[in-house]
Enquirer: 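Okay, handing you the structure first.
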Amino acid sequence: MDDQLIEATPSNFIRNIISADLSAGRNRSIVTRFPPEPNGYLHIGHAKSICLNFGLARDYAGCCHLRFDDTNPAKEEVEYEESIKRDVAWLGFDWGEHLYYASDYYEKFYECAEALISAGKAYVDSQSAEEMRQRRGTLTEPGVASPYRDRSSAESLDLFRRMRAGEFADGTHILRARIDMAAPNINLRDPALYRIKKTEHHRTGAAWCIYPMYDFAHPISDALEGVTHSICTLEFEDHRPLYDWVIDNLTLPARPRQYEFARLNLTYTVMSKRKLLELVSDGHVAGWDDPRLPTLSGLRRRGYPPAAVRTFCERIGVGRNDNWIDMSVLEDCVREELNDTAPRVMAVLRPLKVVIENYPEGEVEAMEVANHPANPDFGVRTVPFGREIYIEQEDFAEEPPKGFFRLAPGKEVRLRNAYFITCTAVVRDPASGAIVELRCSYDPASRGGSSPDGRKVKGTIHWVSARDSVTAEVRLYDRLFSVPQPGVGKEVDYLQQLNPHSVEILRDCRCEPGLAAADPSLRYQFERQGYFCLDAASAAGLPVFNRIATLRDSWSKSG
RNA sequence: UGGGGCGUCGCCAAGCGGUAAGGCACCGGAUUUUGAUUCCGGCAUUCCCAGGUUCGAUCCCUGGCGCCCCAGCCA
């Protein structure tokens, strides 16, 4: 870990633990892991975990495993595995050879279970789920022992083998750890280790009809892989004694330790699997990759650079406090990245025609324009200018408010990289009275955007040639919810808090001609508007752009 | 009223007994052919509260208060 990294990565309690473990010689090197269950799509909360685990491995010269925690065949699918791998890779992390599956350890788990039974530390219970629940006790009352709790090891072993052999129906028997039915920590009241589930698994097929529980499979998986620091979220803290119990009562090749951190909450969105699923399946959004969603596939489609997501995960830190990170932190990371990497381009979202009356009819000039104002490496391009152009409707005000320094009747403004123009007349639709066109004059001496007489023009607006521009569809995205903490509070339905204006589709935008062949791998800055990228919905002759983020706008803020 | 956590600026977050980093947000001001960027400057005499220990406490102790998690054969 070099000095630069130490400075760039904020300290956190997990790094402190690892540093201490390393310098005390408790570990020679570290192994972490990201252990998703392949039962859904990854979201930015997972990104926090991915960046943490892979980042630790990177900074401490260790290694991070990608392990699918596939112990519940009823919920898991290979389709999810593929999306998870794609998302982790997109984020920029490489698990190399270290791709693992809990399902590859099934035989080992089974051996561990038999070992526990033989040692008198586990038994087969034959109560129903309902009976088990009733005897578990409550938060304040101890549980009651199952009538089968004192079954002999031999009998349990026989039953367990027959469970594996498929002799019993789902729910008729279950393997339980023999710990303490009176434990104040409910997780220790003889937790379930193995259940019968006559369901085919997407990887092991029909080979098994009993499947291990998370609390049993996870610590063993970690130990088998030599994981040193097993990092999970806070709600698993109560499970740590059980994690340790499993490790301590089995003979395993390593002694992993579990540490917990606070999961991410982001304002104006939701992160729970259940809510995301509901938004998608009930059609509140267009799919798992809807650009308004905090799913990694949504962020990707939205155009968020993976580097920005990584920066975000570094910036928010890792702690144990419940937290709601302001969406502006993420947006700032996106802007920071895109300001440096996005080539500039001009596009008019809501066109208003302007005729420059003293500009020669039929003439076209090729204006030379820099692709990035602060970085010459981006080069220059040429943009056609003509007598008829489009400007942004909101860049004209018939009655300009105080402080407005764009175009207004009798006012002069600079067309970016072109000429100064002055508005001489407003043309209206006789029926509706709506402004349909502006008549202007230009100053031929101001070519390029400055006048030899040195006169100051405060406003600069973007434009596009009426003749030489291409039509595009632009999708303007905004926050999915209209409140910072959707669903928080009593009796609030998060679905009632959806932002009705979270997407606005503009169908007759006009872009400079080069955008007809926009690069799908690039994010562009539409000058004065924001950052945009080509969407997969683009068709030949009709590019579709997603707005990734707006530019900061101190004018609309003050107004 | 069982157990486990957490409480440092509006939102995050360093800090680990020696006198409150940083980021976002916000508010100025400079530069600017993007009202963008960039750049300067401001923004916690105070660390949930109350006692105590100490020369000295956000950091230690005691007692409160507030918030989160746990009673799946889910992970």
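Throughout, protein chains are lettered first and strands after them, A, B, ... in sequence-line order, and every chain is numbered starting at 1. For the numbers below, each heavy atom of this structure counts, side chains included, while hydrogens, waters and symmetry mates do not.
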Enquirer: Over all strands shown, is A/Ala374 touching base, sugar-phosphate only, or nothing at heavy-atom distances under 4.0 angstrom?
Expert: nothing
Enquirer: For A/Lys198, does its backbone N or O pair with a side-chain atom of A/Asp170 as donor and acceptor, under 3.5 Å?
Expert: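 Flag set: sc A/Asp170 to bb A/Lys198 pair under 3.5 Å.
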Enquirer: Which is true for A/Val457 with a 4.0 Å heavy-atom rule: it touches a base, it touches only sugar-phosphate, or it touches nothing?
Expert: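 Nothing, no nucleic acid heavy atom in range.
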Enquirer: Taking atom types as they are modelled, would you say the side chain of A/His462 forms a donor-acceptor pair with the base of B/rA36 within the 3.5 Å cutoff?
Expert: no
Enquirer: Is the gap between the ring centers of A/Phe236 and A/His218 under 6.0 Å?
Expert: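 No, the ring of A/Phe236 stays outside the 6.0 Å limit from the ring of A/His218, centre to centre.
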Enquirer: Quick one: label A/Gly403 by what it contacts on the DNA or RNA (base, sugar-phosphate, nothing), any heavy atom closer than 4.0 Å.
Expert: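 Here A/Gly403 touches the bases of the nucleic acid.
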Enquirer: So if I define the base as every atom that isn't primed, P, OP1 or OP2, how would nucleotides 23-30 of chain B read as a B/S/- string at a heavy-atom cutoff under 4.0 Å?
Expert: SSSS----
Enquirer: When you measure from the side-chain N and O atoms of A/Asn16 to the phosphate of B/rC16, is any distance below 4.0 Å, counting only OP1 and OP2?
Expert: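 A/Asn16 to B/rC16 OP1/OP2: no side-chain N or O under 4.0 Å.
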Enquirer: Decide, yes or no, whether a salt bridge links A/Arg381 with A/Glu512 under the criterion of side-chain N to carboxylate O below 4.0 Å.
Expert: yes
Enquirer: According to a cutoff of under 5.5 Å between the ring centres and under 30° between the ring planes, does A/Trp555 stack with the base of B/rG35?
Expert: yes
Enquirer: Is a salt bridge present between A/Glu392 and A/Arg528, judged by a nitrogen-to-oxygen distance below 4.0 Å?
Expert: no
Enquirer: Take A/Lys48 and A/Lys75, find for each the nucleotide of RNA chain B with the closest heavy atom, and name the residue whose nucleotide sits nearer the 5' end.
Expert: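 Its nearest nucleotide lies further toward 5', so the answer is A/Lys48.
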Enquirer: Which part of the nucleic acid does A/Gln525 contact within heavy-atom distance under 4.0 Å: base, sugar-phosphate only, or nothing?
Expert: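 Result for A/Gln525 = base.
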Enquirer: Between B/rA75, B/rC70, B/rG35, spot the one nearest the side chain of A/Asp238, thanks.
Expert: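 Looking only at side-chain atoms, A/Asp238 lies closest to B/rC70.
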